[in-house]
Protein chains: 2
Amino acid sequence: MNNTTLKLLAQQLQLSISTVSRALKNHPDISAKTKAKVQALAQNLDYEPNASAIQLRTQTSKILGVIVPAIANLFYENFLAAIEEESRNNGYALMILQSNHNAENELNNLKIFRQNRVSGIFACLSANSENLDVYHKMIEQDMPIVFFDIVPKSNAFTKVRMADERCGVLAAKNIIKRNAKKVLAIFGDPALSISQIRKTSFQNLMMDLSPKTNVKYINATSSIEAEEIFKKNYNKTAKLDTVFCMTDEILIGVMRAIQELQIKVPTEMGVISISNGFIPNLYFPVISYVETSGFQLGKLAFTQMMANLQTGKPVDELTVEAKLIEGGSM
Amino acid sequence: MNNTTLKLLAQQLQLSISTVSRALKNHPDISAKTKAKVQALAQNLDYEPNASAIQLRTQTSKILGVIVPAIANLFYENFLAAIEEESRNNGYALMILQSNHNAENELNNLKIFRQNRVSGIFACLSANSENLDVYHKMIEQDMPIVFFDIVPKSNAFTKVRMADERCGVLAAKNIIKRNAKKVLAIFGDPALSISQIRKTSFQNLMMDLSPKTNVKYINATSSIEAEEIFKKNYNKTAKLDTVFCMTDEILIGVMRAIQELQIKVPTEMGVISISNGFIPNLYFPVISYVETSGFQLGKLAFTQMMANLQTGKPVDELTVEAKLIEGGSM
DNA sequence: AAAATTTTCGCAAACGTTTGATATTTTTGC
DNA sequence: GCAAAAATATCAAACGTTTGCGAAAATTTT
């Protein structure tokens, strides 16, 4: 479809292809009259430049690639929404590929990106992607790559992530403020650095500022698991009075239990989580949470990408600040 | 980055470009020995064919476009996940663009698709996109377009959608089965055909099978609005015993009210909704819902696209069946 | 061993665009 | 009016592929 080309326009106007090309982009060499004629016809014939031809000629594409574990995810979908918006506003198109947390898929996706000569890549590592050789190789060949969320440890890479230390600290502070006596703190997959960071910062602050608070630390990797853990640790005699949920997944499980056991929030139980806010707002009272916005992270990632694209490669690690949003659950 | 080309391979091997090209794709004209040599070097040098050059030469791209109102949406994210997966498995890359329910954005996105010469488009209409001329024009020029979810009325288009009539029917049947006396039925934006269809089918069945049931029909376009509507219509004397929520949005608002008012589900109030299941599973008891799977719709849309791509254009309307998933809320 | 085949490979054009260099026309200065 | 300068438009090559056609080399047939 749409086969209007510069050549066609040139023929119809009895002009050369180069003149038409220049007329279309307001080149000073072309007179106002010709420009007008050319642009009018182009408009009429629905001319749209062929991106492939341009990329071939100029050796630069206006396409950015993103690898995300899954599109259908409360966090990533917001990240994607942000970079899509930014890309579009900056003349780039986005190519989004899912890895399903699978290293093999990840490699395949990278291959697709290379075939399409994307000019930059946003990458979120698969949980099991040990081998970063591909990335190293691509970076050596000047491919801008911005890692987000699940990022490599090496600081030879450009990365953006949430200020996870602050997340842990803010949550812990709020728990202390509530004067909690007995806390259940559920963290995510212990293999992920994000879990480790949040836990360490939480734990450190807790021990520093309120060493006598009784805190039990457990990890859960699914909402079901979180639900079971909560039920197991809750009973009238235990007098659990506060629960901390590191992720939305965990919060969902805990809240299912709380609803089932008909525990009153916040009087009988304080609840606090780390989230982008969507899930906490489903409940009454709204759950207090430390905000981690995929949307904001996306914005940050994009500015990093642009900087990277324009000025060589500013290798560093940027974080987006976290803040506490008070619901009525504490 | 990655500048290995056929030319480079040819030079290094003292072969012609055409031979290298053919060797790489196992053309019978090329001897086994040369093939081996060529493929080995290609591997070594990380050769990846330039998609733009191929598209330019063959006049067909392996890119599919999708226009979605928003990526961050419980329904669309699953649709996207499905077509991304299928596309990838079929050698296509996806270009995803958001319209934000804005007709102007929609047009811009279509332009981007044309510039990139995508070979097919999945489109979800913006709420306010009255003018379908662009689409008509593109279809005339043989661009395969599969509409999904919010689709044009005209049947000159290929479309896939949920079996919305069945949704309304199934929900109504379940309400009758519960022996409800007084029902509050909240539907979505009345301007959307999806709301109209679901409401009509619901209403018809209700009047046919249980004319004496007292049903109040209201529309809500946000969770906040739904919450207010529910609160306004609920009071001890009203004896409301069942509420129907046409969308997740509405369910969210209603459930916030139900939690706040501490209404017991299902004894004091039956709740049923239409959803993909994510939101209903956040509550205890789990809310009963008529399942509408964005994921399945995506799969269906993709097969339609493939058919369209291969065999001219099978203009028709396909629907994915709905089924009732029982939670504990009725 | 020459002719007829078959196997293996190279030539060259085309896809649509950009752009430095060059050619043609118009305007300007005197 | 005529050269010089400025304005306007064209030429041609290149980006990386694919592919019909023809050429050379190797193999088989008589």
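Each chain gets a letter, A, B and so on, in the order the sequences are listed, and its residues count up from 1.
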**Q.** From CA spacing to verdict: side chain to side chain contact (heavy atoms under 4.5 Å, CB included), A/Arg88, B/Asn109
**A.** CA-CA 8 Å; A/Arg88 195 157 27 84; B/Asn109 292 345; 3.0 Å; yes
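Between A/His27 atom NE2 and D/dT10 atom C1' the separation is 13 Å, expressed in whole Å. The distance from atom CG of A/Leu9 to atom P of D/dT10 is 13 Å, rounded to the nearest whole Å. D/dG16 atom P lies 9 Å from atom CD of A/Gln55, rounded to whole Å. Whole-Å rounding puts the A/Lys7 NZ to C/dA14 C1' distance at 8 Å. Atoms NZ (B/Lys35) and C1' (C/dT7) sit 12 Å apart, rounded to a whole Å. Counting to the nearest Å, the P atom of C/dG16 and the CG atom of B/Asn50 are 16 Å from each other. Distance CG (A/Asn26) to P (D/dT8): 13 Å, rounded to an integer number of Å. Nucleotide C/dT26 holds its P atom 9 Å from the NZ atom of A/Lys33, rounded to whole Å.
Between D/dC11, C/dG16, C/dC9, one nucleotide has an atom nearer to the side chain of B/Ser31 than all others, and that is C/dC9. Side-chain proximity of B/Ile17 to the nucleotides C/dA12, C/dC9, D/dT17 is greatest for D/dT17. Side-chain proximity of A/Ile54 to the nucleotides D/dC11, D/dT17, C/dT17 is greatest for C/dT17. The nucleotide whose nearest atom lies closest to any side-chain atom of A/Leu6 is, among C/dC11, D/dA9, C/dT17, C/dT17. With C/dT17, D/dG16, C/dG10 as the choices, the nucleotide that has an atom nearest any side-chain atom of B/Arg22 turns out to be C/dG10. Candidate nucleotides D/dT10, D/dC15, C/dA12 were compared by shortest atom distance to the side chain of A/Gln59, and D/dC15 ranks first. Among C/dG16, C/dT17, C/dC11, the nucleotide with an atom closest to any side-chain atom of B/Leu56 is C/dG16. Counting only heavy atoms from C-beta on, B/Thr19 has its side chain closest to C/dC9 among C/dG16, C/dC9, C/dT19. The side chain of B/Ile30 sits closest to C/dC9 out of D/dT17, C/dC9, D/dG16.
A ring-centre distance under 6.0 Å is found for A/Phe79 and A/Phe148. Checked against the 6.0 Å centroid threshold, B/Tyr135 and B/Phe157 do not count as a close aromatic pair. Taking the six-membered ring for Trp and the full ring otherwise, the centers of A/Phe122 and A/Phe147 sit at least 6.0 Å from each other.
Side-chain atoms of A/Ser99 never come within 3.5 Å of backbone atoms of A/Ser126 as a donor-acceptor pair (strictly under, hydrogens ignored).
B/Ser18 comes within 4.0 angstrom of a nucleotide base, judged by non-hydrogen atoms across all strands. Heavy atoms of A/Ser21 sit under 4.0 angstrom from at least one base atom.
Taking only side-chain nitrogens and oxygens, A/Thr34 comes nearer than 4.0 Å to OP1 or OP2 of D/dA9.
Of the two residues near DNA chain C, B/Ala53 and B/Gln14, the one whose nearest nucleotide lies more 5' is B/Gln14. Residues B/Pro49 and A/Val20 both approach DNA chain D. Their nearest nucleotides, taken by heavy-atom distance, put A/Val20 toward the 5′ side. Comparing A/Lys25 and A/Asp29, the nucleotide of DNA chain C nearest to each residue sits closer to the 5' end for A/Lys25.
For A/Ser52 and C/dC15, a side-chain-to-base donor-acceptor distance below 3.5 Å is absent, hydrogens and geometry of angles not being considered.
Rounded to the nearest 0.5 angstrom, A/Met95 CE and A/Ile112 CD1 are separated by 8.5 Å.
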